[in-house]
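Counting starts at 1 for both ligands and their atoms, in listed order. Because the structure is a prediction, the values reported are computed rather than measured.
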Amino acid sequence: MAYDHKDIEKKAQEKWAHLDLYTTDLSDTSREQYYLLTEFPYPSGDLHIGHWYAFAVTDIYARLLRARGKNVFFPIGFDAFGLPAENAAIKNGLNPKDWTYKNMARMREQLATMGASFDWSKEVVTCDPSYYQWTQWLFTKLFEQGLAERKLAPVKWCPKDQTVLANEQVIDGRCERCGTPVEEKRLTQWFLKITDYAERLLAGLDALPWREEIKEAQRAWIGKSKGAKLRFDLKSDSQGRTFESVEVFTTRPDTVFGATYVVLAPEHPLLSNDWLTMSIMNAKEVSEYVNETKKKTERERSENKEKTGVKLEGVTAINPATKEEIPIYVADYVLSSYGTGAVMAVPAHDERDLDFAKKFSVPIRKTKFAQWDEIAAMGGERATQYRLRDWLVSRQRYWGCPIPIVYDPEGKPHTVPAEHLPWLLPTDVDFTPTGKAPLASSKELKERVEKIFGKDWTPEYDTLDTFVDSSWYFLRYLDSKNTNSFSDAALMKKWLPINRYSGGSEHTTMHVLYARFLMKALYDLALVSVEEPFTERFNRGLIMGPDGQKMSKSKGNVVNPDEFVQKYGADAVRMYLAFIGPYNESGSYPWNLEGVAAMRKFLDRIVRLVDRASLAVEPPSEISETIQQAFARTALKVSEDGDRFKFNTAIAALMILINEIEASPFIPKTALTQLVIILAPFAPHLAEHLWEKLGGNGTSTSLGVNSVHQAAWPVFSVTVASETEVVVQVAGHKRGSIRLSREASEAEALAEALKLPAVITALASKKPVRVVYVPGRILNLVV
Ligand SMILES: [Zn+2]
């Protein structure tokens, strides 16, 4: 191998630390700013390949932007509360805090070996009281605003972890963390009212220049359906009179003439109504059925192929359109969480209703469609339903942010006043999972509450879901040491929204949606000045084992990055990861065992090129036209592909350039210096070494430039065609693309877009109310 990577990396990292290269001056107004955010890690202890993929590859972009003159903010921290610390504590008899802080110290060291250009001076650690004080303060603001509320609700419960889970943490009926089938329980819990923001979360997506698949995933999660609420009167055989009625939600009110039965969800409140239970002749059978369904999860119920149910004998409903008496069933294919928990069944127009009707021999009737005035005359009201549920944030676990609530002797909740924040996590607790919150075992917490609030006042014992901690950390980065506020208003105004947020696709419908919700809530409280936190969102892919399977210890296909870093160097590892596939798509890429070695060989070739130039007796000073063209093309391609997070094709362009340089007889040092500057974002350590070897100057060195990472991106006198593809969206949906010069103005882009037939059709002669244009990437017309 042509160079000693261990020596080079150590020296480069020491040099960067000495020069303090990556501390961002947030108040600098002389340069254009760029806030590049990557999801902060959980302090699990050891850096795995996923961390390298998340941080080292995003770091390429941070360096590329700096080289191009931007004031880049690229912070890092730890999402440090959460179950693994507590589980490790139980297993090994440790303190969760010690475990977490030890792991963070180890990970900081490991991250340094990666050579990532993070601004550590603004580090955020969510389990630190100086951070969670503000998580608690924000919670009290939400409570005052009526956005945090305590209610009895059916919740998902993991019997192994002994805690409730958010709906989003249940995958295929199992706990996301441990895979145990979840149970449903009715418990009084804290919720954040994200449903109040359903419409705005949906509408806000339209103007965001995100990939369509990410927006679609959020739209599907919010699950808006338009329809109507209709009232069906109930009649009892024994009394012959109507007392009660049931309200149904339907997306097809026009099919009401074909409604031949009504179905209640097993949890429907009418089933515990005295009038109804006295009127039902088969009450025992009904209650047995209701108890039976409690064992099933919502997912099993909605997927269940074989429909089950029980007819309520002795009561009927009256179809408001036909005035006909129709049967009522209780059936678990209707969910209490959807609509009103009761549906009118129209077997002629709905497949699930049809399956049920066939099994229970209910009439199937095809009829005329009702007009809206007919529906309204029946008392029908237009209504909209959402699939989105309120965000359940209580956790019966120890290692989390204490909910800043205390209860008066009557049991009424009150927020802990700001002067008592941070509301410290007690240390005298028993973590053993018993199904009860561990904080309930703390004597200190009880005494603290009585001392501050008075006798018979009691603490809240649950802690917050860690997704609450991570829904605002990017605001704290801007002012992480502030003891008077959660962040500085002026800095937030200057630096928000975040330019680009890079993360895992698994966070599309939880973390990213929660962060958007919280931002909107804070905007309404006049605490932030923008409603959307992230201008761009990129979901990266997954690195698979060499066999193409997900890496796991049990499959024996785990690739340890440390081994490769030791053997080939950090630069070869990160370049290989950048080359493995497009970083702007959430694909999955198998690790090729020879891949890093091949990347190292490529870097060795560059080292030999530089050596060859240093040995030349009389190096030419002029760069040939052909080579100048090749350089200009590469610099532009690397820059553009970098903007799109397509580092794989950017590296391919570098490889082509190296072939061209190798084929030409003499290369002056000035050209090689330019090459090293273009290489620097990808191979930061090696580039530093080569830059020094070449004399540390060449193109645009000015005073104060001590590192290749302070050198400006090379500018070439030759011009190359710089047309680029711009995606055109109408109301957030892709309708085509146009080719434009990178410098094209918004007006020029709009003029081109309005020529596309698909755009004309989608606009349907309406004028866009807003145009969102990201040059070189996307044009979105908001209607
Ligand atoms: Zn679990």
Side-chain angles (χ1 to χ4, degrees), residues 39 41-45 48 50 79-96 99-100 103 126-127 153-192 221 294-303 337 389-403 425 429-441 461-471 504-511 513-514 542 550-555:
E39 286 169 358
Y42 179 79
S44 50
H48 57 67
D79 190 9
F81 271 134
L83 267 182
E86 202 170 332
N87 289 342
I90 294 161
K91 202 175 154 199
N92 308 316
L94 299 162
N95 183 310
W99 185 87
T100 305
N103 284 354
T126 60
C127 69
V155 295
K156 305 287 187 294
W157 174 267
C158 173
K160 178 152 185 284
D161 290 325
Q162 293 280 322
T163 183
V164 299
L165 303 168
N167 279 353
E168 296 85 73
Q169 290 166 333
V170 180
I171 313 285
D172 294 335
R174 288 167 184 276
C175 169
E176 171 199 52
R177 280 197 199 87
C178 68
T180 308
V182 299
E183 295 168 2
E184 277 184 23
K185 279 195 175 187
R186 281 181 79 77
L187 291 170
T188 303
Q189 302 280 301
W190 283 97
F191 290 83
L192 297 184
W221 190 263
K294 280 184 184 153
K295 293 177 194 159
K296 296 187 196 170
T297 63
E298 279 200 354
R299 186 168 178 116
E300 284 169 338
R301 283 167 56 177
S302 47
E303 277 184 351
S337 56
R389 297 286 131 237
D390 279 334
W391 175 13
L392 170 53
V393 294
S394 308
R395 294 292 181 275
Q396 291 72 45
R397 295 304 301 244
Y398 172 66
W399 190 238
C401 171
I403 298 177
L425 187 63
V429 289
D430 174 13
F431 325 120
T432 327
T434 55
K436 274 198 186 142
L439 264 56
S441 66
Y461 296 124
D462 288 349
T463 53
L464 287 172
D465 178 11
T466 57
F467 276 105
V468 180
D469 309 331
S470 60
S471 60
S505 57
E506 71 278 18
H507 291 138
T508 304
T509 49
M510 289 196 276
H511 165 60
L513 200 59
Y514 294 151
L542 272 181
K550 209 172 167 175
M551 285 190 201
S552 78
K553 278 183 191 154
S554 62
K555 290 198 194 89

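The CH2 atom of Trp221 sits 9.0 Å away from atom CG of Leu513, with the distance rounded to the nearest 0.5 Å. To the nearest 0.5 Å, atom CG of residue Leu165 and atom CH2 of residue Trp157 are 9.0 Å apart.
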inquiry  = Show, in sequence, the C-alpha distance, side-chain angles and deciding distance for Arg395 and Asp465, and conclude whether the salt bridge (Lys or Arg N to Asp or Glu O under 4.0 Å) test is met.
reply    = CA-CA 6 Å; Arg395 294 292 181 275; Asp465 178 11; 3.2 Å; yes
task = Show your reasoning for whether ring pair (Phe, Tyr, Trp, His ring centres under 6.0 Å) applies to Tyr514 and Trp391.
result = CA-CA 8 Å; Tyr514 294 151; Trp391 175 13; 3.7 Å; yes
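Heavy-atom neighbours of Lys550 NZ from other residues, nucleotides or ligands within 6.0 Å: at or below the threshold of 12.
The number of protein N/O/S atoms found under 2.8 Å from the Zn ion (ligand 1) is 4.
The closest side-chain donor-acceptor pair between Arg397 and Asn87 falls under 3.5 angstrom.
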